[in-house]
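First listed ligand is number 1; within each ligand, the first listed atom is number 1.
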Amino acid sequence: MHTVTVNASKKYDVRIGTGFIDRLGEEIAPLMSGKKIMLVSDDKVFPLYGERAIKSLEEAGYTVTVFTFPNGEDSKNIKNYTDLVEALFEAQLTRKDLVIAIGGGVVTDLAGFAAATFQRGVGLVMLPTTLLAAVDASVGGKNGINLTHGKNQVGTFYQPSLVLCDIETLWSLPREEYTNGCAEVIKYAMIVNDGLFDLIRETDIKDQYEEIITRCITIKKDYVEADEFDTGKRMMLNFGHTIGHAVEACSGYTIPHGRAVAIGMAAITKAAVVNGYCTEDTRMQLDELLEQYDLLDDLKYKAEDLMECVKVDKKNSAGMLRIVIPKGIGSCWIKEIYKEECLKWIVLGGAR
Ligand code: GLY
């Protein structure tokens, strides 16, 4: 087992290993003085791990209430949020008690937002069951829900009390879900030069989950500790995301987040080569790695359509936006540009 401690406004451990589902009761015991737990999950994940988690929690003496909703991004909505906080109220959870999220990013985001806002903050434990949630969504405190026309438009920064990455839950991931998470791993390999790029080029991510997740969390921890509220350095974690978010939106959210980020990373790197910020060799190495993980896709949308989505991205401020540009493998920088300039980058990135 590996432990990474995040020292943000709250200090907490991220544990990466196996057996956490069956040890859940003992893992959470030091975190709470209450006896009630709200277990939040979705209808795909709960049947896989719910019973084991409840058994462990009940054996440790906790009273467990379960809240589940349909799997998928559509569930990250205001209705499920209000239903969840009403359920917390009905279960009489207090600030001494705990919300435990078991699932992918939709579950951790929704549960995180409910935990952050119910009674102005109750304890929160994340047990991510997708690679993407393990390396990104469950760590760093971002949570939220979607509005009808905007992703993550409502949410807070609220750090969990503990994150348990049980890699056993990743062994049975569907192919597309695995691929989706690999994109975020490749993102980390592009922004920090710690050998991660070579490691995942030489050995498949799924054959070294514990090592890879630990490295990704260690990288993320540095950015979160330096800039918890995402006003500067943390934006580096958005490599590939400006165009990626636009791709997601243009596809009507049929292209999943990770795959869209992969398209965004390839596009911004292609444009960076043309603009003289990095070499063709860097672009080729990135494309080869994306190809290796079945993530190399064209930017098939019209530049103007992508640009419309960039314009409403919540990361814009006062007509400016920050894009993350690669200098080489394991090295990126943040450039502030006028919103309109982004069109040029999108075109150079290969949009129609
Ligand atoms: N997902 C990027 C961040 O947590 O800042």
Cationic tip of Lys10 above Tyr158 ring, under 6.0 Å, 45° of axis: yes
Would you call Asp230-Lys142 a salt bridge at under 4.0 Å N-O? yes
Check: [X] N/O within less than 3.5 Å of ligand 1 N/O:
X      : result
Lys142 : yes
Asp230 : no
Lys187 : no

Between Asn146 and Tyr253, does a side chain to side chain donor-acceptor pair (under 3.5 Å) hold up when you go through it step by step? CA-CA 12 Å; Asn146 303 331; Tyr253 296 96; over 6 Å; no
Using side-chain hydrogen bond (donor to acceptor under 3.5 Å, both in side chains) as the criterion, list what pairs up with Asn193, not counting sequence neighbours. none
Decide whether the shortest distance between a heavy atom of Glu184 and an atom of ligand 1 is less than 4.0 Å. no
re atom 2 (C) of ligand 1, the protein heavy-atom contact at minimum distance is Asp136 OD1, 3.7 Å
Using the side-chain contact (heavy atoms from CB on, under 4.5 Å) rule, take Leu173 and Lys206 through it: C-alpha gap first, then chi angles, then the decisive distance, then the call. CA-CA 10 Å; Leu173 276 186; Lys206 62 178 163 20; over 6 Å; no
